[in-house]
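Data first, discussion second: the structure below is written as structure tokens.
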Amino acid sequence: MTSKMTGLRDTNGDGKADLLVSAVGSLRLPGSASGITTTGATEYDAAPIDSFPQ
């Protein structure tokens with residue numbers, strides 16, 4: 001079974017929430033002043049989202 005999770009965390013310390021999505025693959029969509037963006041999207045280690053710093 002594949003775990004599916006989403007979360008908002010400031011993972012890069014820029015003061016904007018990043019959208020983390022974990023399903024088959026794990027993706028980080030960075031936040032910007034105008035909202036979530038696909039520019040700069042990266043894969044991340046699929047550790048539980050609760051372990052990411054807030």
Side-chain angles (χ1 to χ4, degrees):
M1 177 159 48
T2 302
S3 175
K4 297 176 184 157
M5 300 165 62
T6 60
L8 291 172
R9 300 284 189 274
D10 181 9
T11 60
N12 59 1
D14 68 356
K16 297 174 180 61
D18 306 313
L19 176 62
L20 305 171
V21 180
S22 174
V24 174
S26 299
L27 187 63
R28 175 188 160 272
L29 300 172
S32 71
S34 59
I36 301 298
T37 178
T38 57
T39 301
T42 56
E43 291 185 18
Y44 72 93
D45 185 8
I49 288 173
D50 286 338
S51 70
F52 282 91
Q54 296 199 18

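We're numbering straight along the sequence, starting at 1. Nothing here was measured: the structure is a model prediction, and the numbers come from that model.
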Indicate the atoms forming the closest heavy-atom contact of Ala17 with Ile36, along with that distance.
O-CD1, 3.7 Å
Checking Asp14 now: which residues fulfil side chain to side chain contact (heavy atoms under 4.5 Å, CB included) with it, not counting sequence neighbours?
Asp10, Asn12, Lys16
Separation between CG (Leu29) and OG1 (Thr37), nearest 0.5 Å, reads 8.0 Å
Before giving the answer on side chain to side chain contact (heavy atoms under 4.5 Å, CB included), spell out for Leu19 and Leu8 the whole-Å C-alpha distance, their side-chain angles and the decisive distance to 0.1 Å.
CA-CA 5 Å; Leu19 176 62; Leu8 291 172; 3.9 Å; yes
Between Asp18 and Gly31, the two heavy atoms sitting closest are OD1-N, 2.9 Å
